[in-house]
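Data first, discussion second: the structure below is written as structure tokens.
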Amino acid sequence: MKHLHVSSLCLAVALYSGIAFAQHGHMGGTSYGAASHGSMNSANSGSGTSHRVTIDQQLSKNTQLSGKIQKLTGMAAQQACDGFKNLGQCVAAAHVSKNLGVSFACMKSDMTGQEAPSGSNCPAGTGTKSMSLGKAIQTLDPNANSKTEAKKGTQQANQDLKPSSNS
């Protein structure tokens with residue numbers, strides 16, 4: 001009889017733990033989960049490049065924004081934004097690069113952790129790890145006020161990304 005109670009208790013704890021772990025997976029990271037599920041459905045593939053498809057789709061739909069990114073960076077918008085976590089980061093980096101007169105290729109390498117293109121004049125260590133916009137600004141232009149410049153670039157990007165933007 002005692003063995004039956006212990007077994008029942010173990011089963012109850014196991015079931016409760018399973019439910020708790022299942023709920024934990026959906027809490028605290030809902031925006032990531034929602035993006036993953038939505039991207040998987042729209043991309044129809046499990047290749048792990050769901051964010052790339054989303055950025056490319058946004059750029060294809062918004063030719064005005066694509067043109068602006070190309071003007072700011074000197075490269076095709078899809079190529080410029082390749083590797084960024086989201087389109088907003090790419091647009092903000094493009095603006096900051098233009099505002100400060102620093103290489104967009106170096107800015108992109110620092111923010112995405114991708115190796116800088118050969119022939120670029122990026123400082124040593126560029127692209128060794130991904131970093132925030134502010135940290136990339138500090139690295140590439142130590143004399144700039146990174147906080148102010150990051151805020152300005154982000155505001156410019158937000159303006160560009162507004163659906164009703166006519167600029």
Side-chain angles (χ1 to χ4, degrees), residues 27-43 45-167:
M27 295 175 65
T30 54
S31 63
Y32 174 76
S36 295
H37 294 302
S39 298
M40 288 292 285
N41 290 338
S42 64
S45 74
S47 64
T49 58
S50 57
H51 287 291
R52 286 296 321 131
V53 173
T54 303
I55 290 174
D56 287 345
Q57 287 175 344
Q58 288 173 329
L59 291 172
S60 294
K61 288 179 184 176
N62 192 340
T63 55
Q64 184 178 1
L65 180 60
S66 294
K68 187 164 209 162
I69 293 170
Q70 185 169 2
K71 184 179 176 185
L72 290 168
T73 65
M75 60 179 73
Q78 283 81 0
Q79 179 187 2
C81 293
D82 181 45
F84 281 95
K85 291 179 184 175
N86 59 56
L87 189 54
Q89 277 189 340
C90 176
V91 178
H95 277 291
V96 169
S97 169
K98 189 71 167 180
N99 294 345
L100 295 177
V102 299
S103 164
F104 176 77
C106 299
M107 180 75 65
K108 176 182 173 179
S109 292
D110 274 343
M111 290 183 69
T112 63
Q114 296 175 347
E115 188 175 329
S118 60
S120 62
N121 293 332
C122 300
T126 299
T128 55
K129 64 177 183 169
S130 61
M131 57 181 71
S132 68
L133 178 60
K135 183 67 176 166
I137 293 168
Q138 279 181 334
T139 303
L140 297 171
D141 189 352
N143 296 322
N145 183 331
S146 60
K147 207 175 214 179
T148 301
E149 293 299 333
K151 184 177 180 179
K152 180 180 175 183
T154 301
Q155 288 172 339
Q156 290 172 310
N158 288 339
Q159 187 65 36
D160 290 342
L161 292 170
K162 281 184 182 176
S164 61
S165 177
N166 294 325
S167 56

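Along the sequence shown, residues are numbered consecutively beginning with 1.
Residues Ile69 and Leu87 form a side-chain contact, since some pair of their non-hydrogen atoms from C-beta on lies under 4.5 Å apart. Under the 4.5 Å side-chain criterion, counting only non-hydrogen atoms from C-beta, Leu59 is in contact with Cys81. Side-chain contact between Gln78 and Ser60 is present, with at least one heavy-atom pair separated by less than 4.5 Å. Side-chain contact between Leu133 and Met111 is present, with heavy atoms from C-beta onward closer than 4.5 Å.
In this structure, OG1 in Thr112 is found 11.5 Å from CE in Met107, a value given to the nearest 0.5 Å. Here the straight-line distance linking atom OG of Ser132 with atom CD of Gln138 works out to 7.5 Å at 0.5 Å rounding. Interatomic distance, Leu161 CG to Asn86 CG, rounded to the nearest 0.5 Å: 8.5 Å. Atom OG of Ser146 sits about 10.0 Å away from atom CG of Leu100, to the nearest 0.5 Å. Put simply, CD on Gln57 and NZ on Lys61 are 6.0 Å apart, with the number rounded to the nearest 0.5 Å. Within the model, atoms CG of Asp141 and SG of Cys106 stand 12.0 Å from one another, a figure rounded to the nearest 0.5 Å.
Minimum interatomic distance between His95 and Gln156 (heavy atoms only, all atoms of both residues): CB-OE1, 3.3 Å. Of all heavy-atom pairs between Lys152 and Asn99, the closest is CE-ND2, 3.8 Å. Gln114 and Gly83 make their closest contact through NE2-CA, 3.4 Å (heavy atoms, listed as atom of the first residue, atom of the second, distance). Contact record, Ser109 with Pro117: OG-CD, 4.1 Å, taken as the closest heavy-atom pair. Nearest heavy-atom pair across Asp110 and Gly127 is OD1-N, 3.2 Å. Among all heavy-atom pairs drawn from Ala116 and Cys122, the shortest one is CB-SG, 3.8 Å.
Remark: side-chain polar atoms of Lys108 are paired, donor with acceptor, to backbone N or O of Asp82 under 3.5 angstrom. Side chain of Ser97 to backbone of Ala93: no donor-acceptor contact under 3.5 angstrom is found.
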